[in-house]
Amino acid sequence: MTYSDQPAPWSPGERPEEFTGNRTVCGICSGTCGMTLKLVNGELSATEGDSEHPVSRGHICPKARALPEMFRTPDRLPHPVRRAGSGAWEEISWDEAFAVLSQELDRIGRKYGPEALAVHVGHAGVGKEFLPYAERFCALYGTPNFSTCGSHCYESKSMANMVTFGKMPIGDYARSKCIVLWGKNPGSSAPSLVNEIAEARKRGCALIVIDPRRMPLAEKADLHLQLRPGTDGALALGFLHVIVREQLYDKDFVERWTVGFDALCQAVEAYPPEEVERITRVPAGQVQEAARLFASAPAACISLGVAVELSTNGFQAARGVAALQAITGNLDIAGGAVFLNEAPLSDLQLPPLSGVKQAIGADEYPLFHRISRNAQANLYARAILEEKPYPLKGLVVAGSNPVLTWPNARRVREALSKLEFLAVIDPVMTATARQAHLVLPCASFLGGDELWESSHLSLEPRIGLAPKICNDGGLPTHWEIWREIAVRMGHSDFFPWSTEEEAITFRLQALELTYDDLRDMPEGYNYYRWTAKKYEKEGFNTDSGKVEIYSGLLERHGYDPVPSYAEPAESPLSTPHVASLFPLVLTTGARRLEYLHSRFRNVDSLRTRVPEPYVEIHPSTADGLGLKDGDMVLVETLRGGIEIRARYTPSILPGVVSMSHGWDEANANILTDDACLDPISGFPGGRCLLARIARE
Ligand SMILES: Nc1nc2c(c(=O)[nH]1)N[C@H]1C(S)=C(S)[C@@H](COP(=O)(O)OP(=O)(O)OC[C@H]3O[C@@H](n4cnc5c(=O)[nH]c(N)nc54)[C@H](O)[C@@H]3O)O[C@H]1N2
Ligand SMILES: Nc1nc2c(c(=O)[nH]1)N[C@H]1C(S)=C(S)[C@@H](COP(=O)(O)OP(=O)(O)OC[C@H]3O[C@@H](n4cnc5c(=O)[nH]c(N)nc54)[C@H](O)[C@@H]3O)O[C@H]1N2
Ligand code: SF4
Ligand SMILES: [Mo]
């Protein structure tokens with residue numbers, strides 16, 4: 001049999017009529033957009049934005065519109081499959097699949113110790129209920145090696161804010177008077193933010209964009225700072241320099257609520273605008289102008305994208321940005337960076353068993369481990385191939401496609417091929433699943449009950465239920481898979497919930513809500529009301545109770561206690577000998593609205609819009625290399641090369657080239673590096689590499 005010859009059947013669940021107009025929330029990404037579903041003869045025929053939904057107010061993106069098509073794609077696996085001795089895939093029953101999985105996990109634990117197993121939950125697990133249950137399973141199994149896509153996303157800036165403020169804020173964009181999109185392109189990555197910005201602009205809000213590419217919002221911005229990728233930290237210190245020198249900071253706030261301002265003043269002395277221009281390529285006048293605009297706005301906030309994190313100096317860059325937000329007095333005020341609470345769901349975390357070894361990465365990145373509680377997945381390939389700090393023999397990948405998304409893909413692929421056991425839980429056969437011994441498909445979010453939460457998006461955070469809408473091909477949900485694994489391995493005492501409904505009821509206890517309550521609230525339940533300047537009563541959740549511009553915690557770990565800048569591990573300034581052979585600066589991973597990392601290249605309506613991968617290059621850079629628009633080229637870094645089409649983009653900084661990640665046929669992560677990582681977070685430098693390009 002081939003796994004692709006049977007499209008998964010779709011049949012409505014037991015209760016669809018009970019949901020007025022089938023209102024739900026899109027679970028494709030964490031945008032929590034409200035959506036209504038149209039069913040024709042029991043088939044999902046169309047999706048529409050839910051105009052009554054308080055966060056998205058009627059918006060859905062092309063991915064959500066393509067949902068009916070996603071259901072019909074023949075790539076969805078209808079059954080579990082196992083790789084037979086011959087290498088061919090054989091279809092197996094669910095019972096067999098769970099038996100193989102539990103036997104293999106048991107064997108690995110007995111033979112090598114439980115730490116030889118790692119579980120990685122990727123982007124498809126962000127904000128999803130199965131994630132804390134997978135983590136709970138790891139604690140029961142005895143492995144410290146639970147990781148998430150926080151190994152290369154969000155956690156670095158979250159850590160920087162935790163260290164500085166004790167909490168991660170969100171921007172109050174709607175009421176802001178100056179918004180900075182810093183390495184953030186919401187037109188592709190966060191559509192609801194585009195609407196918020198448009199509304200704020202109507203009320204006179206200024207917009208600053210910091211991006212090596214002139215993306216659409218940059219066209220409309222008051223200022224567009226086109227920096228060399230990876231130099232965001234220097235730019236932040238440049239802004240701080242101007243603000244300190246011109247005394248544009250909030251003196252009262254700085255005096256009462258910060259620690260380490262004097263040390264910051266000293267640190268930023270070395271970053272006058274002219275020096276910042278030399279490093280970042282942003283003209284000194286623009287550095288000055290942007291700093292003044294930001295500091296003089298009555299309320300300003302920064303949306304910091306993952307671009308800044310995916311650099312070997314990303315943590316300190318995010319610290320610099322946090323200091324900027326603080327010394328201008330833009331914390332917890334309307335229109336600034338505000339602090340909210342996440343919904344208080346019942347905790348599923350268990351204390352680690354005694355005698356458990358340290359997680360992979362805990363030695364090198366202790367602060368990352370301490371704050372995220374996770375292993376650092378960027379080090380798994382090393383653990384598998386070099387047995388450092390100890391051997392990793394088994395891996396369960398859930399909702400991730402490491403071959404296309406982790407740094408240094410060749411090494412990742414080699415490492416995965418050396419595992420004694422690789423299980424992948426994924427609805428489709430991916431580049432990673434093709435390397436596995438066992439693949440378990442699962443239902444989509446429409447096939448199960450799922451909680452959603454909007455504290456990362458909205459000042460009126462809500463928790464809601466996206467209820468089961470259909471029997472998605474009769475497949476178990478991801479939650480049901482983890483529950484079954486736990487029960488089969490003897491942990492039923494710790495997994496007493498037999499259905500998602502029971503588990504959700506347990507999770508909602510502290511909110512004094514029931515599953516049924518939420519089912520009747522398609523707009524969700526607003527569990528928290530924001531109030532300004534809570535720090536005046538509560539202080540900040542740091543050792544000193546203040547904003548720690550100087551961090552004792554960082555100092556004790558041997559890191560720079562004040563925001564600092566280091567050139568990217570690979571750059572024209574830090575490695576000129578490499579730059580002489582690889583003269584271009586490469587940034588990888590800019591999002592496309594149509595795709596989600598490695599997902600949806602198989603969905604025709606989306607693929608038509610973006611049919612193939614390409615590398616964006618300035619015509620003057622291309623001319624210098626003898627390349628024409630549309631040429632197939634070889635892009636190479638020290639790690640390897642990929643063939644890809646070149647596309648002229650006059651709006652990119654000359655000398656810089658950019659490509660998206662997630663393409664099987666042109667895997668950008670063949671070019672990225674897993675050896676030089678951010679020294680504090682262990683994040684890879686996907687946005688600042690040295691490359692060369694030649695015609696094929
Ligand atoms: N459609 C879609 N939406 C998504 C995703 C997706 O894959 N597809 N992924 C989701 C996830 S997990 C994340 S983390 C977010 C990420 O979303 P964003 O944080 O918005 O990140 P990107 O779109 O990757 O990059 C934003 C901009 O950074 C610029 N950039 C590149 N290098 C640098 C640099 O060194 N410095 C600066 N300042 N800018 C740079 C790029 O040109 C790009 O325009 O999107 C989320 N939303
Ligand atoms: N070069 C480069 N690399 C990058 C980035 C970059 O900017 N540049 N960005 C990084 C970032 S920010 C992130 S977040 C990561 C994301 O990287 P990954 O975590 O690998 O995310 P995806 O590629 O979206 O893979 C998600 C997988 O989950 C599957 N899936 C979908 N729904 C479900 C479900 O309900 N359950 C299960 N089990 N599976 C499901 C999908 O089919 C897909 O195969 O990529 C990182 N990699
Ligand atoms: S942005 Fe698109 S994919 Fe993400 S939740 Fe909204 S509609 Fe769904
Ligand atoms: Mo991400």
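Atoms within a ligand are numbered from 1 in the order they appear, just like the ligands themselves. No hydrogens, no waters, no symmetry mates; every other heavy atom, side chains included, goes into these values.
Close to ligand 1: P212, with a non-hydrogen atom less than 4.0 angstrom away. Residue-ligand proximity: S658 is placed with every non-hydrogen atom at 4.0 Å or more from ligand 1. Ligand 1 has at least one atom lying under 4.0 Å from a heavy atom of G230.
Short contacts between ligand 1 and V306, defined as distances under 4.0 Å to a heavy atom of the residue, involve ligand atoms 14 (S), 16 (C), 19 (O), 21 (O). Residue L227 approaches ligand 1 through these ligand atoms, each under 4.0 Å from one of its heavy atoms: 36 (N), 37 (C), 38 (N). Per-residue contacts place K63 under 4.0 angstrom from the following atoms of ligand 1 (heavy atoms of the residue considered): 1 (N). Of all atoms in ligand 1, numbered sequentially from 1 with element shown, those under 4.0 Å from a heavy atom of G589 are 24 (O). Close approach of ligand 1 to Y595 (heavy-atom distance below 4.0 Å) involves ligand atoms 1 (N), 2 (C), 6 (C), 7 (O), 8 (N). Taking every heavy atom of I210 and a limit of under 4.0 angstrom, the matching atoms of ligand 1 come to 37 (C), 38 (N), 39 (N). Near R213, meaning under 4.0 Å from any of its heavy atoms, are these atoms of ligand 1: 41 (C), 42 (O), 43 (C), 44 (O). Each of the atoms 24 (O) of ligand 1 lies under 4.0 Å from some heavy atom of A590.
Here the two rings, on F239 and W182, have centers that are under 6.0 Å apart. Ring-centre distance between H661 and W406: not below the 6.0 Å cut-off.
Protein N/O/S atoms closer to atom 4 (Fe) of ligand 3 than 2.8 Å number 1 in this structure.
Proximity of a side-chain donor or acceptor of R687 to a complementary backbone N or O of G685 within less than 3.5 Å is not detected.
With sequence neighbours excluded, no residue satisfies side-chain hydrogen bond (donor to acceptor under 3.5 Å, both in side chains) with S400.
Among protein heavy atoms, atom 10 (C) of ligand 1 sits closest to H597 NE2, 3.9 Å. The nearest protein atom to atom 34 (C) of ligand 1, hydrogens excluded, is given as D232 OD2, 3.7 Å; this is a heavy-atom distance. Protein heavy atom nearest atom 43 (C) of ligand 1, with residue, atom name and distance: D211 OD2, 3.2 Å. For atom 25 (O) of ligand 1, the nearest non-hydrogen atom of the protein is R687 NH1, 3.2 Å.
Counting heavy atoms from C-beta outward, R462 and W452 have side chains that approach closer than 4.5 Å.
Evaluated by nearest non-hydrogen atom to atom 1 (N) of ligand 1, the leading choice among R592, R591, K184 is R592. Within the set S189, G314, G183, the minimum heavy-atom distance to atom 20 (O) of ligand 1 is found for S189. Around atom 33 (C) of ligand 1, the closest heavy atom drawn from P62, G662, A307 belongs to A307.
Both the backbone and the side chain of P229 come within contact range of ligand 1, each with a heavy atom under 4.0 Å. At a 4.0 Å heavy-atom cut-off, ligand 1 touches S188 through the backbone alone. For T587, every heavy-atom contact with ligand 1 shorter than 4.0 Å involves the side chain, none the backbone.
Paired with R213 under the rule side-chain contact (heavy atoms from CB on, under 4.5 Å), one option of N185, T649, T587 passes, and it is N185.
The existence of a salt bridge linking D222 and R201 is confirmed by a sub-4.0 Å separation between a basic side-chain nitrogen and an acidic carboxylate oxygen. Salt bridge E196/R57: absent, no basic N to carboxylate O contact under 4.0 Å.
Using a 30° and 60° split on the angle between ring planes, H478 and F130 fall in the parallel class, below 30°.
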